[in-house]
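Below, all heavy atoms of this structure are taken into account, side chains as well, without hydrogens, waters or symmetry copies. Computed from a predicted structure; not experimentally measured. Every number for a ligand or one of its atoms is a count from 1 in the order of the listing.
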Amino acid sequence: MDQIRREQFVDTVSDFIRTVSIVLPADVYGKFMELMRHEKSPTAAALYHNMHKNMYHARQLCRPTCQDTGVIEFFVSVGTGFPYMDDIEGVLRDAVIKATEEVPLRPNAVDPFGEHNTGTNAGFGAPYIEYDLVPGSSDLEIRMYMSGGGSSLPGRSKVLMPLEGRDGIKRFVKETALEWGVNACPPLIFGIGIGTDASTSAMLSKRALLRPLGTHSEHPEAAKLEDELREELDETGMAPLGFGGSFSVLGVNIECAARHPATLGVGISTGCWATRRGHIVIHGDLSSENLSHTVFPERSHEKTHKNTDNI
Ligand code: SF4
């Protein structure tokens with residue numbers, strides 16, 4: 001890949017990271033607005049109003065929606081005909097470093113066995129990249145997630161006895177929500193994975209978290225469980241931000257896979273009210289389409305550093 005194309009590739013990805021850090025994806029924003037409109041508690045309504053104001057200012061001032069811009073994770077589906085397959089890893093890493101400097105993002109990549117912060121959001125094994133191969137395609141599809149500290153805290157994975165069934169799944173999810181949900185700045189998105197063991201159910205829960213709100217699982221029983229859990233989690237009254245209100249969740253998404261007859265693995269991944277995730281397709285000619293966002297931050301460099309005192 002020549003230098004000019006590589007720079008274009010890095011710029012496309014770093015611009016995508018910038019958008020994701022500043023503007024919520026359309027599905028999360030839409031659901032947030034729906035909860036705000038239907039909230040009955042005056043305290044909760046005031047909190048929603050402030051969170052909305054925060055989103056507005058983030059967009060106007062081109063600053064991240066939340067100070068914790070998380071650790072960046074990429075879930076990449078790469079077509080076997082994509083011409084720059086060998087460059088993907090280096091480009092994603094360089095794009096993270098560039099976005100960290102230019103947006104700027106909070107440096108969050110700390111050595112797993114110490115407190116040394118690399119200062120760039122890149123480090124040993126970071127950014128996290130997971131690949132899927134797509135035969136017959138020449139596109140690169142990237143789903144990106146900014147994994148914040150608070151919103152990652154409720155993450156759990158456990159293997160239940162199969163007889164515990166859907167009641168056991170609900171109990172585990174609700175106990176986790178009540179114990180740790182408030183740390184994650186609710187209303188929350190629950191991604192739930194159901195599979196054989198701790199690792200597959202955890203991975204499925206992350207896939208569920210990445211799926212747009214308003215969609216249902218393809219498995220009819222899982223789709224029913226999504227609705228039941230959403231209603232029951234709303235009744236916990238923990239949102240927004242733990243102050244109590246009519247709703248506690250933005251959504252519950254479940255992904256499942258056939259499991260071992262002797263186990264029922266359940267994974268939980270959570271996203272906060274400021275769930276920042278994005279979905280972009282980069283074609284073989286490096287043109288791109290953002291599939292997750294309908295609103296984009298200003299591009300002006302000056303605006304990034306504008307004084308906010310009078311706004
Ligand atoms: S949980 Fe979300 S909104 Fe709260 S501090 Fe973390 S990233 Fe920010």
### Task
Could you list the atoms of ligand 1 found under 4.0 angstrom from a heavy atom of Gln67?
5 (S)

### Query
With distance as the sole test, does Ser217 use its side chain to make a donor-acceptor pair with the main-chain N or O of His219 at under 3.5 Å?
yes

### Message
Closer than 4.0 angstrom, basic N to acidic O: yes or no for Glu39 and Arg37?
### Response
no

### Centroid-centroid under 6.0 Å between Tyr131 and Phe75 rings
no

### Message
For Lys170, is there an ion pair with Glu228 - N to carboxylate O distance below 4.0 angstrom?
### Response
yes

### Task
Inspect the contact between Glu73 and Lys206 and indicate whether a charged nitrogen and a carboxylate oxygen are less than 4.0 angstrom apart.
yes

### Message
I need the nearest protein heavy-atom contact for atom 7 (S) of ligand 1: residue, atom name and distance, please.
### Response
Arg276 NH2, 2.9 Å

## Note on the structure
Sorted by chain and number, protein N/O/S atoms nearer to atom 2 (Fe) of ligand 1 than 2.8 Å are Cys272 SG

### Query
Heavy-atom contacts under 4.0 Å between Arg106 and ligand 1: side chain, backbone, both, or neither?
neither

### Message
Going by salt bridge (Lys or Arg N to Asp or Glu O under 4.0 Å), name the residues that satisfy it together with Asp234, two or more places apart in sequence or in a different chain.
### Response
none

### Query
With the threshold set at 4.0 Å, does a side-chain nitrogen-carboxylate oxygen contact exist between Lys98 and Asp11?
yes

